[in-house]
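Below, read A as the first sequence line, B as the second, and so on, with proteins coming before strands; counting in each chain starts at 1.
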Amino acid sequence: MSAIADIPPGCVASYGQIAEIAGVPRGARQVGYVLRTLPEAKDLPWHRVITASGKIAFAKGSDQFREQSRRLAREDVEVRNGKVDMKVFRWQPDLDELIWKHAMDWEEE
DNA sequence: CTGATGACTATAG
DNA sequence: CCTATAGCCATCA
């Protein structure tokens, strides 16, 4: 089970958050491990996974760092100085359903 | 089995 | 904001 695949475009989630959703309350490091040994052919949105403080988990300037920033920027996620504004881009699983619901309401009006 | 490692996190100074 | 510390836990040598 990879909760990572459920992260919608334009949002990010922390390693701990992913772990929790996946049913592993303290598996933040394991999530990192999984991503590290990730098969490329999976098409998993690994770039939407960042640290709890909103920072990209790579060293600024590294290839991976640039790759992730680029992918995020492309998903309309604003990356400033290697960090993402969690208050704005943090993914909240329930939010999906809410937005969906509201979308329905809007259509009715 | 034991100890080191790391795409982590929370807390304290 | 940054460093130090201490938990955390699957994987590996």
Say you draw a straight line from CD of A:Glu67 to NE2 of A:His47; how long is it, rounded to the nearest 0.5 Å?
-> 9.0 Å
Distance col, row A:Asp85:CG vs A:Glu78:CD, nearest 0.5 angstrom, shows 8.0 Å
For atom CG of A:Leu35 and atom C1' of C:dT11, their distance in whole Å = 15 Å
Interatomic distance, A:Trp46 atom CH2 to A:Ile18 atom CD1 [nearest 0.5 angstrom] = 14.0 Å
With a 4.0 Å cut-off on heavy atoms, is A:Gly27 in touch with a base, just the backbone sugar-phosphate, or nothing at all?
-> nothing
Here the distance between atom P of C:dA10 and atom CG of A:Leu38, to the nearest Å, is 19 Å
Measuring from A:Glu20:CD to A:Ser14:OG, what's the distance to the nearest 0.5 Å?
-> 8.5 Å
C:dC8, B:dA7, B:dC8: which one has an atom nearest the side-chain heavy atoms of A:Arg26?
-> C:dC8
A:Ile7 has an atom CD1; how far is it from atom P of B:dA7, in whole Å?
-> 18 Å
To the nearest angstrom, the CZ-P distance between A:Arg80 and C:dC1 comes to 12 Å
Can you check whether A:Phe65's main-chain N or O pairs, donor with acceptor, with A:Ser62's side chain at less than 3.5 Å?
-> yes
For the pair made of OH in A:Tyr15 and C1' in B:dG6, what is the distance, rounded to whole Å?
-> 11 Å
Does A:Ser14 put a side-chain nitrogen or oxygen below 4.0 Å from OP1 or OP2 of B:dT9?
-> yes
Nearest-0.5 Å distance that lies between atom CG in A:Asp63 and atom CD in A:Gln68 | 13.0 Å
Between B:dC8 atom P and A:Arg29 atom CZ, what is the distance in whole Å?
-> 7 Å
Please answer: with hydrophobic residues joined when any side-chain heavy atoms are less than 4.5 Å apart, are A:Tyr33 and A:Tyr15 in the same cluster?
-> no
Between CD of A:Gln17 and P of B:dT9 the distance, given in whole Å, is 10 Å
For A:Val24 and for A:Thr37, find the nucleotide of DNA chain C with the closest heavy atom, then tell me which residue's nucleotide is more 5'.
-> A:Val24
Using heavy atoms and a sub-4.0 Å distance, could you list which residues of residues 48-65 of chain A are near DNA chain B? By number, please.
-> A:Thr51, A:Ala52, A:Ala57, A:Phe58
With the side chain of A:Lys83 defined as its heavy atoms from C-beta on, choose the nearest nucleotide among B:dT9, C:dC1, C:dA10.
-> C:dC1
Compare side-chain N and O positions of A:Tyr33 against OP1 and OP2 of C:dC12 and report whether any pair is under 4.0 Å apart.
-> yes
